[in-house]
Asks: 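Take a look at this one; I'll ask things after.
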Amino acid sequence: MSILLDINFIRERPDKVKDSMRKKGEEEIDIDELLQRDSHWRRLLQKLESLRAERNEKSKEIGQRKREGMEADDLIEEVRLVNEEIDSLEGNVRELEGYIEEAMINIPNVLHSDVPFGEDEEANVEVRRVGEKPSFSFEPKAHWDIGAELGILDTEQAAKIAGSRFNVLKDDAARMVRALINLMLDIQVGKNGYREIYPPFLANRDSMIGTGQLPKFASDVFLIEKFDYFLIPTAEVPLTNLYRDEILRADDLPMKFAAYTPCFRAEAGAAGRDTRGLIRRHQFDKVELVQYCLPEESYDVLEEMVSHAESILQALDLPYRVVLMCSGDTGFPQTKKYDLDVWMPSYNEYVEISSVSNFSDFQARRSNIRFRREKDGRPEFVHTLNGSGLAISRTIAAIFENCQTEDGTVELPASLQPYFEGRRLIDG
RNA sequence: GGAGAGGUGGCCGAGUCUGGCUAAAGGCGCGGCACUCGAAAUGCCGUGUUCCCGCGAGGGGACCGUGGGUUCGAAUCCCACCCUCUCCGCCA
């Protein structure tokens, strides 16, 4: 695939790029060396192209002479010599292009100016808290204990089937997955205006590069080597690649997509954390939101999408907070990101349940998704955003914990009851 | 899995046998103009992407699924790969 990353931006604003790299803690690429090789590349390219022009012109003349029945051996010999020069130059040019492309793909997206500087979650900024934390007259249990005691959550059987970090859900827990998929899509599609998509759960390498999962996060995803297919770590991958290599009409923007998919993550770096329960699994479920929009609108869309994710938490009456990520927690491809954290009584803290990010044109460049403002206008890259709306497994954990009763049952939020034939309680 | 057909511009579709005058006929769509009270119909004109140099005017390179090869020269010939479609088989 050809990577259309904008080296112009780096040529013009190298300091801004370096600053973002430093703040994100992503400094593997030497920008100065990149710029040096870039100017070297351009010098050689000019030479190469003028040689090609010479070859084209002489070849044309050869053709003309032959048609007129004339000799052209002298010209053929001349072109042969030019070709030798072209061959050696092409080698150099390709080598430089390889270096530049490799470097470009490893440069993170530039941060938005709102993003606070900081290395880790300490520096994240809480924007607001919504909802009342429940108060219990008893010691609240962890969701995995609630699930196990109700006989609807089983990790040992899951281990037999697949190994650690998987779950088997049964009865009302299994049904809750289905209920939440419906509730979330009903709201995102019915009220918030998204188009419902049911995509493939496997993606090819180009798609993974397009959204930025590769090459940076190769160790976090499952790969089916025999076919070079990746299990999608999020529906962001298929949804953002829907319009890869296309030029959209400005009138069609924004385009809004919502999809339920399972998500698969190797989570190699997270060993030892959240080993129990539904929080950190190799397989989980999620309804994902993706928007393609005009560049000048993407930060408004970001706020809008946060509210769309919030609408689910509010529908479920779960207490949560909205947090603006600091530079160190803003991922490689993102310019600005909010997390929604749900209150988890057994942790006695808030746990991430949604993440909403602006990728500006980062993914659009890699996926070559563009739009045209005017009939004769030049194509520009769209901006892409995505957000969870929400992570279903964690939503189930949050419902179990926040809605538990002293006798170990779970009271269903009102919005979920219709999906349980009007029942109000999960009691095994 | 077996047999066959095919991948050309926003879309459809010629060109491939017989390599050069082909960024590529024609049509549709789209934009503009004319005709009209207005519209339809009709007519005329214009309509690919990308990179490099240049303030600009402009000049040049690349691109006909992808990657190699042959040749002075490749959409066109050769090789490999990918994908799509049709039929048959198998399968949830």
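Letters go in sequence order (proteins before strands), and every chain restarts at 1.
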Asks: Salt bridge or not between A:Arg22 and A:Glu119? Use side-chain N to carboxylate O under 4.0 Å.
Replies: no
Asks: Below 4.0 angstrom, which residues in residues 42-55 of chain A have at least one non-hydrogen atom near RNA chain B?
Replies: A:Arg42, A:Leu45, A:Gln46, A:Glu49, A:Arg52, A:Ala53
Asks: Roughly, in whole Å, what's the span from CD in A:Glu78 to P in B:C72?
Replies: 14 Å
Asks: Could you go step by step and tell me if A:Asn386 and A:Glu236 meet the side chain to side chain donor-acceptor pair (under 3.5 Å) rule?
Replies: CA-CA 7 Å; A:Asn386 68 52; A:Glu236 166 195 343; 3.1 Å; yes
Asks: Could you work out the separation of B:A62 and B:A75 based on their P atoms and round it to a whole Å?
Replies: 10 Å
Asks: For the rings on A:His383 and A:Phe362, is their centre-to-centre separation under 6.0 Å?
Replies: no
Asks: Taking the same atom, P, in B:A80 and in B:A25, what whole-Å distance lies between them?
Replies: 32 Å
Asks: Looking only at atom C1', what distance separates B:C82 and B:G67, rounded to whole Å?
Replies: 10 Å
Asks: For A:Arg249 and B:U47, what is the distance between atoms CZ and P respectively, to the nearest whole Å?
Replies: 21 Å
Asks: With nearest nucleotide decided by heavy atoms, which residue, A:Gly63 or A:Ile76, maps closer to the 5′ end of RNA chain B?
Replies: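 Upstream on the strand: A:Gly63.
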Asks: With a sphere of 6.0 Å drawn around OH of A:Tyr229, does it hold more than 12 non-hydrogen atoms of other residues, nucleotides or ligands?
Replies: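 Counting other residues, nucleotides and ligands, OH of A:Tyr229 stays at 12 neighbours or fewer.
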Asks: Measure centre to centre between the rings of A:Phe371 and A:Phe381, then say whether the value is under 6.0 Å.
Replies: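 No; A:Phe381 has its ring centre 6.0 Å or more from that of A:Phe371.
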Asks: Determine the interatomic distance between C1' on B:G54 and the same-named atom on B:G59; round to the nearest Å.
Replies: 9 Å
Asks: Can you list, in residue-number order, the parts of residues 81-100 of chain A that come under 4.0 Å of RNA chain B, counting heavy atoms only?
Replies: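 Under 4.0 Å from RNA chain B: A:Asn83, A:Arg94.
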Asks: Rounded to whole angstroms, how far apart are CD on A:Gln64 and P on B:C72?
Replies: 19 Å
Asks: State which residue, out of A:Glu78, A:Glu84, A:Glu77, fulfils the salt bridge (charged side-chain N to carboxylate O under 4.0 Å, His left out) condition with A:Arg80.
Replies: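 Among A:Glu78, A:Glu84, A:Glu77, the one meeting salt bridge (charged side-chain N to carboxylate O under 4.0 Å, His left out) with A:Arg80 is A:Glu77.
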Asks: Which whole number of Å gives the distance between the C1' atom of B:C83 and that of B:G29?
Replies: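 These two C1' atoms come out 27 Å apart once rounded.
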Asks: Would you kindly give the CD-to-C1' distance between A:Glu71 and B:C72, to the nearest whole Å?
Replies: 13 Å
Asks: Taking CD from A:Glu246 and P from B:U49, how many angstroms apart are they, rounded to a whole number?
Replies: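 Spelled out: CD on A:Glu246 to P on B:U49 is 15 Å.
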Asks: Starting from C1' on B:G10, measure out to CD1 on A:Ile247 and report it in whole angstrom.
Replies: 8 Å
Asks: What interatomic distance, in whole Å, is found between P of B:G60 and the corresponding atom of B:A24?
Replies: 14 Å
Asks: Please report, rounded to the nearest Å, how far the P atom of B:G10 is from the CZ atom of A:Phe371.
Replies: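 Taking atom P of B:G10 as the reference, CZ of A:Phe371 is at 17 Å.
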Asks: How does RNA chain B read in dot-bracket, base by base from 5' to 3', with Watson-Crick or G-U pairs under 3.5 Å and | used when the partner is on another strand?
Replies: ((((((((.[[[..)....(.....]]]((((((.......))))))((((((....)))))).[[[[[..)....]]]]])))))))....
Asks: Both conditions, 6.0 Å and 45 degrees, for the charged tip of A:Arg37 above the ring of A:Tyr99: are they met here?
Replies: yes
Asks: If you measure from the Lys or Arg side-chain nitrogens to the Asp or Glu carboxylate oxygens, is any gap between A:Lys191 and A:Asp186 under 4.0 Å?
Replies: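 Salt bridge between A:Lys191 and A:Asp186, a charged N being under 4.0 Å from a carboxylate O: no.
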Asks: Taking for each residue the nucleotide of RNA chain B with the nearest heavy atom, is it A:Trp41 or A:Glu57 whose nucleotide lies nearer the 5' end?
Replies: A:Trp41
Asks: Considering only atom C1', compute the distance from B:U22 to B:A14 and round it to an integer number of Å.
Replies: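 Approximately 12 Å lies between the C1' atom of B:U22 and that of B:A14.
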Asks: Where do A:Tyr299 and A:His112 land on the ring pair (Phe, Tyr, Trp, His ring centres under 6.0 Å) test, with the steps shown first?
Replies: CA-CA 9 Å; A:Tyr299 288 95; A:His112 187 265; 4.1 Å; yes
Asks: Counting only side-chain N and O atoms of A:Asn56, is one of them less than 4.0 Å from OP1 or OP2 of B:G61?
Replies: yes
Asks: Determine the Euclidean distance between corresponding C1' atoms of B:G69 and B:U86; express it in Å to zero decimal places.
Replies: 32 Å
Asks: May I ask you to say whether A:Arg372 pairs ionically with A:Glu380, meaning some side-chain N is under 4.0 Å from a carboxylate O?
Replies: no
Asks: Quick check with a 6.0 Å cut-off and a 45 degree axis cone: is A:Arg175 positioned over the face of A:Phe420's six-membered ring?
Replies: yes
Asks: Does the ring centre of A:Tyr292 sit less than 6.0 Å away from the ring centre of A:Tyr243?
Replies: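 Yes, the ring centres sit under 6.0 Å apart.
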Asks: Using the benzene-type ring in the case of Trp, are the ring centres of A:Phe227 and A:Phe230 under 6.0 Å apart?
Replies: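 Ring-ring flag for A:Phe227/A:Phe230: false, centres at least 6.0 Å apart.
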Asks: From CG of A:Asn368 over to P of B:C51, roughly how many Å is that when rounded to an integer?
Replies: 10 Å
Asks: Taking the side chain of A:Ile62 as its heavy atoms from C-beta onward, which of B:G61, B:C72, B:U50 lies nearest to it?
Replies: B:C72
